[in-house]
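In this chain, numbering begins with 1 at the start of the sequence shown.
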Amino acid sequence: MRAILGSYDSELTAAEYSPQLTRRMREAEDMVQKVHAHNSEMEAQLSQALEELGGQKQRADMLEMEVKMLQSQSSAAEQGFPLSREEASSLRLKIEELEGERSRLEEDKKMLEMQLERFTLQGGYDQSRTKVLHMSMNPASAAKQRLREDQARLQEECEQLRELVRALERGGPVPANLEAAASLPSSKELTELRKQVESAELKNQRLKEVFQTKIQEFRKVCYALTGYQIDITTENQYRLTSMYAEHKADCLIFKATGPSGVKMQLLETAFSSSVQELIELHLLRQDSIPAFLSALTLDLFSRQTVA
């Protein structure tokens, strides 16, 4: 470019110079300076790269020498300490055991991670790392406060009821504070109530006695009129024993059937097997239990009369 500029200088006279040529000359000089600067920078980078390459080559040579040294040491160790098949098998088994242990530990690690994730999703947290802020007025605190108040109130009521029970067991008057707490009547009212209960129990006992007497009287009347003693054996079963029976074991057993229990069925006994004629006539043909009982009474009465 300097040669080009020199040719311009040689070809053109001073009168032929123009501002345009001057501008081009300045641009060409600036470009030359930039090229020189770029070349200097490239030379510096090249020198640095060559230095780094030399360092890398030296490091590679050192590593190669170390590898050769280790190989020689390994071969010498193998020659000095030969391994038998048993030792090699033992080492393989040990390696397999270690691999299995590693797999098991990985599975445990995954399981613990899953449990930690589940614990985190359920709202758990590490108190040493996480801080939870609670509002001074929140529903949980209010509910706990109500629960504590209810518990204290119930404990107080239980204690009052225990004192009331002890007072009633002693038979003495009930304290006024316990009467108000338990909403119980006064001692006078309790005395009146006890008297009423005793009177009602006495009246009930008298009614039971009268009722028992009337039942015995009714049974005696039935026995005198019909000639049969009626006893209830089990539920819906009745035993009839005639006053003219030859043996105490001679009896008839009827069972009440039907929804209202008005239909009676004769059950087989040793005594009923001896009166099959009367059963066929009055029960199977005539379907009349009173006629059967009357006929049986006449038959037993006639036996005693003949005897």
Novice: Is it the case that over 12 heavy atoms from other parts of the model lie below 6.0 angstrom from the CZ atom of Arg104?
Specialist: yes
Novice: How many angstroms lie between atom CD of Gln216 and atom CD of Gln212, to the nearest 0.5 angstrom?
Specialist: 5.5 Å
Novice: Compare all side-chain heavy atoms of Gln229 with those of Asp231 and state whether any distance is below 4.5 angstrom.
Specialist: yes
Novice: Begin from the C-alpha positions of Leu252 and Leu296 and carry the test side-chain contact (heavy atoms from CB on, under 4.5 Å) through to its verdict.
Specialist: CA-CA 11 Å; Leu252 299 173; Leu296 179 60; 3.5 Å; yes
Novice: Verify, without hydrogens or angle tests, whether Thr257 (side chain) and Lys263 (backbone) share a donor-acceptor contact under 3.5 angstrom.
Specialist: yes
Novice: In Å, rounded to the nearest 0.5 Å, how long is the span from CZ of Phe271 to OG of Ser242?
Specialist: 7.0 Å
Novice: Would Ile279 and Leu298 show up in the same hydrophobic cluster when neighbours are defined by side-chain heavy atoms closer than 4.5 Å?
Specialist: no
Novice: Run the salt bridge (charged side-chain N to carboxylate O under 4.0 Å, His left out) check on Arg26 and Glu29 step by step: do they pass?
Specialist: CA-CA 5 Å; Arg26 290 177 180 174; Glu29 289 177 355; over 6 Å; no
Novice: Look up atom CD in Gln160 and atom SG in Cys158, then write down how far apart they are to the nearest 0.5 Å.
Specialist: 10.0 Å
Novice: Let me check something: any side-chain donor-acceptor pairs from residues 280-290 under 3.5 Å, sequence neighbours excluded? List them with distances.
Specialist:
| from | atom 1 | to | atom 2 | distance (Å) |
| --- | --- | --- | --- | --- |
| His282 | ND1 | Gln286 | OE1 | 2.9 |
| Ser288 | OG | Ala291 | N | 3.2 |

Novice: For the pair Asn204 (side chain) and Ala200 (backbone), establish whether a donor and an acceptor sit closer than 3.5 Å, ignoring hydrogens and angles.
Specialist: no
Novice: Are any non-hydrogen side-chain atoms of Thr191 and Arg194 less than 4.5 angstrom apart?
Specialist: yes
Novice: Is Leu300 linked to Ile230 within one hydrophobic cluster, defined over Ile, Leu, Val, Met, Phe, Trp and Tyr using a side-chain heavy-atom separation of less than 4.5 Å?
Specialist: yes
Novice: First locate atom OG1 of Thr234, then atom CZ of Arg239, and finally report the distance between them rounded to the nearest 0.5 Å.
Specialist: 10.0 Å
Novice: Check for a donor-acceptor pair, side chain of Ser272 on one end and backbone N or O of Glu268 on the other, with a separation under 3.5 Å.
Specialist: no
Novice: Whether Asp30 and Lys34 form a salt bridge (side-chain N of Lys/Arg under 4.0 Å from carboxylate O of Asp/Glu) is what I want to check.
Specialist: no
Novice: Under a 4.0 Å threshold between the charged nitrogen and the carboxylate oxygen, would Glu99 count as salt-bridged to Arg102?
Specialist: yes
Novice: Ignoring hydrogens and angles, state whether a donor on the side chain of Arg148 or Gln145 is under 3.5 Å from an acceptor on the partner side chain.
Specialist: yes
Novice: Would you mind checking if Asp299 and Arg303 are paired as a salt bridge, meaning a charged N to carboxylate O distance below 4.0 Å?
Specialist: yes
Novice: If you draw a 6.0 Å radius around CE in Met31, do more than 12 non-hydrogen atoms from other residues or ligands fall strictly inside?
Specialist: no
Novice: Among Glu96, Glu97, Arg92, find the one that has a side-chain contact (heavy atoms from CB on, under 4.5 Å) with Lys94.
Specialist: Glu97
Novice: Rounded to the nearest 0.5 Å, how far apart are OG of Ser199 and NZ of Lys195?
Specialist: 11.0 Å
Novice: Using the benzene-type ring in the case of Trp, are the ring centres of Phe254 and Tyr238 under 6.0 Å apart?
Specialist: no
Novice: Under 3.5 Å, side chain of Tyr228 to main-chain N/O of Leu293, donor-acceptor pair present?
Specialist: yes
Novice: With a 4.0 Å cut-off, would you call Lys220 and Glu217 a salt bridge?
Specialist: no
Novice: Can you tell me how far apart CD (Glu201) and NZ (Lys203) are? Round to the nearest 0.5 Å.
Specialist: 12.5 Å
Novice: Side-chain heavy atoms nearer than 4.5 Å, only ILVMFWY residues, links allowed to pass through others: does that put Leu266 and Ile232 together?
Specialist: yes
Novice: Test: ring-ring contact (aromatic ring centres under 6.0 Å, His included). Region: residues 204-227. Which pairs qualify, not counting sequence neighbours?
Specialist: none
Novice: Can you tell me if Glu27 has over 12 outside heavy atoms packed within less than 6.0 Å of its CD?
Specialist: yes
Novice: For Gln304 and Ala245, which heavy atoms make the closest approach, and how far apart are they?
Specialist: NE2-O, 4.0 Å
Novice: Please answer: with hydrophobic residues joined when any side-chain heavy atoms are less than 4.5 Å apart, are Ile253 and Phe292 in the same cluster?
Specialist: no
Novice: Tell me which one of Glu149, Glu156, Glu157 satisfies side-chain contact (heavy atoms from CB on, under 4.5 Å) with Arg153.
Specialist: Glu157
Novice: With sequence neighbours left out, write down each residue that passes salt bridge (charged side-chain N to carboxylate O under 4.0 Å, His left out) with Lys110, or none if nothing qualifies.
Specialist: none
Novice: Is a donor from one side chain sitting under 3.5 angstrom from an acceptor on the other, for Glu106 and Ser103?
Specialist: no
Novice: Identify whether Met264 and Leu267 are in the same connected component of the hydrophobic contact network (ILVMFWY, side-chain heavy atoms under 4.5 Å).
Specialist: no
Novice: Compare every heavy atom of Cys251 with every heavy atom of Thr241, then report the nearest pair and how far apart it is.
Specialist: OG1-CB, 3.8 Å
Novice: With distance as the sole criterion, is a donor-acceptor pair present between the side chains of Asp250 and His247 under 3.5 Å?
Specialist: yes
